Amino acid sequence: MALSEAEINAALQNLPGWEHSDGAITKTYALPSYTAGLAFATAIGIIAEGLNHHPDLSIGYKKVTVLFTTHDDGNVITDKDIEAATRIEALDFPRE
């Protein structure tokens, strides 16, 4: 079920750096190296697989961009997106 604008804004208060736009939440992480970004993306993939909720990932030089939307509910933000972002935030990775 889609979250309201107020629910999304409240949830993002606990997710520093995450932004809401066009039915998705997104964040770009800065990492110390390209290989750190690959490892971080792999960790995100493991979380996503465990939740059966997969983000769009973009891996660049020393950065990883994560975008979540719930496709099954019509490309809206749901509790699934917030839960996945919260778990990613809990990862202990070196960040720049």
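Not measured: the values here are computed from a predicted model.
- Between Ser33 and Ala36, the closest heavy-atom pair is OG-N, 3.1 Å.
- Residues Val76 and Leu15 are members of separate hydrophobic clusters, defined by side-chain heavy-atom contacts under 4.5 angstrom among Ile, Leu, Val, Met, Phe, Trp and Tyr.
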- request: With side-chain hydrogen bond (donor to acceptor under 3.5 Å, both in side chains) as the test, would you mind laying out the steps for Thr28 and Thr65 before giving the verdict?
  value: CA-CA 4 Å; Thr28 298; Thr65 300; 2.8 Å; yes
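- Across Gly37 and Val64, no two heavy atoms sit closer than the pair O-CG2, 3.4 Å.
- Here the straight-line distance linking atom CD1 of Ile82 with atom CD1 of Ile25 works out to 4.0 Å at 0.5 Å rounding.
- At least one side-chain heavy atom of His20 sits under 4.5 Å from a side-chain heavy atom of Leu12.
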- request: Could you walk me through whether His53 and Glu83 pass the side-chain hydrogen bond (donor to acceptor under 3.5 Å, both in side chains) test, one step at a time?
  value: CA-CA 10 Å; His53 190 61; Glu83 174 66 22; over 6 Å; no
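- Side-chain rings of Phe93 and Phe40 approach one another, their centers coming within less than 6.0 Å.
- Remark: Leu51 CG to Ile46 CD1 distance equals 12.0 Å, nearest 0.5 Å.
- The CD1 atom of Ile59 sits 10.0 Å away from atom CG of Leu31, with the distance rounded to the nearest 0.5 Å.
- Note that CG of Asp22 is 10.5 Å distant from CG of Asn75, once rounded to the nearest 0.5 Å.
- Contact check for Ile77 versus Phe68: no side-chain heavy atoms found under the 4.5 Å cut-off.
- Between Asn14 and Thr86, every side-chain heavy-atom pair lies at or beyond the 4.5 Å cut-off.
- Shown here for Pro55 and Ala48, the closest heavy-atom pair between the two residues is CD-CB, 3.6 Å.
- Remark: the Thr70 side chain and the Asp81 side chain contain an N/O donor-acceptor pair separated by less than 3.5 Å.
- Judged purely by atom type and a 3.5 angstrom limit, Thr69 has no side-chain atom pairing as donor or acceptor with the backbone of His71.
- In plain terms, the two heavy atoms of Lys27 and Pro16 that are nearest each other are NZ-O, 2.8 Å.
- Leu57 is listed as a side-chain neighbour of Ile44, based on a closest heavy-atom distance under 4.5 Å.
- The OH atom of Tyr29 lies 5.5 Å from the CZ atom of Arg95; values are rounded to the nearest 0.5 Å.
- Of the inter-residue distances, the one linking Thr26 atom OG1 with Leu67 atom CG reads 4.5 Å to the nearest 0.5 angstrom.
- Looking at Trp18 and Glu89, their side chains come closer than 4.5 Å, going by heavy atoms from C-beta outward.
- By the 6.0 Å contact criterion, CD on Glu19 is open, its count of non-hydrogen atoms from other residues, nucleotides or ligands being 12 or less.
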